[in-house]
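Down below is the structure, laid out as structure tokens.
Keep in mind the model is a prediction, meaning the values are calculated, not measured. In the text below, chain A, chain B and the rest are named by the order of the sequence lines, each starting its count at 1. All heavy atoms count here, side chains included; hydrogens, waters and symmetry mates do not.
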Amino acid sequence: MDASLHEWNLAPKEAIALQKTLAKRLETADRIDSVQHIAGVDIGFEAGGDITRAAVVVLMWQPDSTQHLAVVEQVVHREPTRMPYIPGLLSFREIPAALEAFAKLTIRPELVMVDGQGIAHPRRLGVAAHLGLWLNLPTVGIAKSRLTGQYEEVGNMRGDWVPLTSGKDVIGAVLRSRENVKPVFVSPGHRLSLETSLDWVVRCLGRTKLPEPTRLADRLASRRDQKRLI
DNA sequence: GCGACAG
DNA sequence: ATCTTGTCGC
């Protein structure tokens with residue numbers, strides 16, 4: 001995509017119209033290269049929300065090792081916050097900073113995991129889907145809570161999941177990533193099917209609720225991590 | 001008009 | 001998201 005054709009500081013009305021247009025460009029089928037590196041993305045805030053902090057962690061996927069994932073690069077980018085949080089328009093607030101962080105990366109991952117929704121969004125363009133279009137990379141969204149969609153109760157065994165639906169459409173999955181813990185909401189972003197999305201999320205699960213790429217990015221983006229470094 | 005509402 | 005200590009439970 002061409003950055004010059006895209007505005008980030010749009011009024012809600014324009015942003016919503018743009019989402020509807022961009023959603024049509026999403027690829028639903030798998031189009032993913034052999035996975036060597038997986039990136040995790042998350043955004044945090046400082047100074048009462050005035051500063052946006054984008055974190056990207058890249059892990060190497062090593063199927064033959066006991067430790068399937070190993071961190072090989074991590075980047076943090078800070079900048080003044082440009083937009084308030086508006087449900088449904090999260091990507092306009094978070095993606096600009098995320099792109100800056102990606103620009104600092106030396107490795108180009110084959111798969112990207114984002115903290116937030118993929119197509120499980122009112123207009124099918126959650127932050128993971130929107131970022132996927134920008135990066136032209138396969139993306140999957142892992143959210144800690146629901147934005148839209150209906151679902152039945154999910155089993156309590158790790159790996160259990162139920163479809164997240166919107167009318168007749170399946171827009172994601174509610175996945176029990178850890179026993180006795182609230183499930184996560186997995187939805188494909190760009191260039192990924194739901195099945196493949198779930199496969200990778202489950203494969204990247206450690207002992208915690210969030211898959212490693214997102215968990216580590218979360219930690220890096222958090223205010224707490226910043227204190228940790230001092 | 002009344003709720004719901006990723007981070 | 002963030003402000004924040006201890007505390008209940010697997």
Looking at every strand, decide which applies to [X] at a 4.0 Å heavy-atom threshold: base, sugar-phosphate, or nothing.
{"X": "A:Phe45", "value": "sugar-phosphate"}
{"X": "A:Gly88", "value": "base"}
{"X": "A:Gly126", "value": "base"}

Side-chain donor-acceptor contact under 3.5 Å, A:Asp115 with A:Thr214: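 There is no such pair between these side chains.
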Applying the Watson-Crick and G-U criteria (both distances under 3.5 angstrom) with [ ] for crossing and | for other-strand pairs, one obtains for DNA chain C ..........
Along DNA chain B, 5' to 3', what are the outermost nucleotides having an atom less than 4.0 Å from a heavy atom of chain A? B:dA4 to B:dG7
Can you tell me if A:Lys182 has over 12 outside heavy atoms packed within less than 6.0 Å of its NZ?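 Incorrect, the count does not exceed 12.
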Hey, does the side chain of [X] reach the backbone of [Y] with a donor-acceptor pair shorter than 3.5 angstrom?
{"X": "A:Gln74", "Y": "A:Leu59", "result": "no"}
{"X": "A:Arg191", "Y": "A:Leu111", "result": "no"}
{"X": "A:His190", "Y": "A:Leu26", "result": "no"}
{"X": "A:His121", "Y": "A:Gly118", "result": "no"}
{"X": "A:Glu212", "Y": "A:Cys204", "result": "no"}
{"X": "A:Gln19", "Y": "A:Gly88", "result": "yes"}

For residues 146-153 of chain A, which side-chain N or O atoms pair as donor and acceptor with protein atoms under 3.5 Å away, sequence neighbours left out?
{"unit_1": "A:Arg146", "atom_1": "NH1", "unit_2": "A:Gly149", "atom_2": "O", "d": "2.7"}
{"unit_1": "A:Gln150", "atom_1": "NE2", "unit_2": "A:Thr165", "atom_2": "O", "d": "3.1"}

DNA chain B in dot-bracket, Watson-Crick or G-U pairs under 3.5 Å, [ ] crossing, | other strand? .......
Please tabulate, one pair per line, all N/O donor-acceptor pairs under 3.5 Å involving side-chain atoms of residues 91-99 of chain A, not counting sequence neighbours.
{"unit_1": "A:Ser91", "atom_1": "OG", "unit_2": "A:His130", "atom_2": "ND1", "d": "2.8"}
{"unit_1": "A:Arg93", "atom_1": "NH1", "unit_2": "A:Met83", "atom_2": "O", "d": "2.5"}

B/S/- contact track for nucleotides 5-10 of chain C, protein heavy atom under 4.0 Å: -----S
Measuring only between side-chain heavy atoms, which start at C-beta, is [X] closer than 4.5 Å to [Y]?
{"X": "A:Trp61", "Y": "A:Ser34", "result": "no"}
{"X": "A:Leu89", "Y": "A:Arg123", "result": "yes"}
{"X": "A:Met157", "Y": "A:Arg176", "result": "no"}

Between [N] ([atom2]) and [X] ([atom1]): distance, integer Å:
{"X": "A:Glu46", "N": "C:dT2", "atom1": "CD", "atom2": "P", "value": "9 Å"}
{"X": "A:Leu89", "N": "C:dA1", "atom1": "CG", "atom2": "C1'", "value": "16 Å"}
{"X": "A:Arg93", "N": "C:dT2", "atom1": "CZ", "atom2": "C1'", "value": "10 Å"}

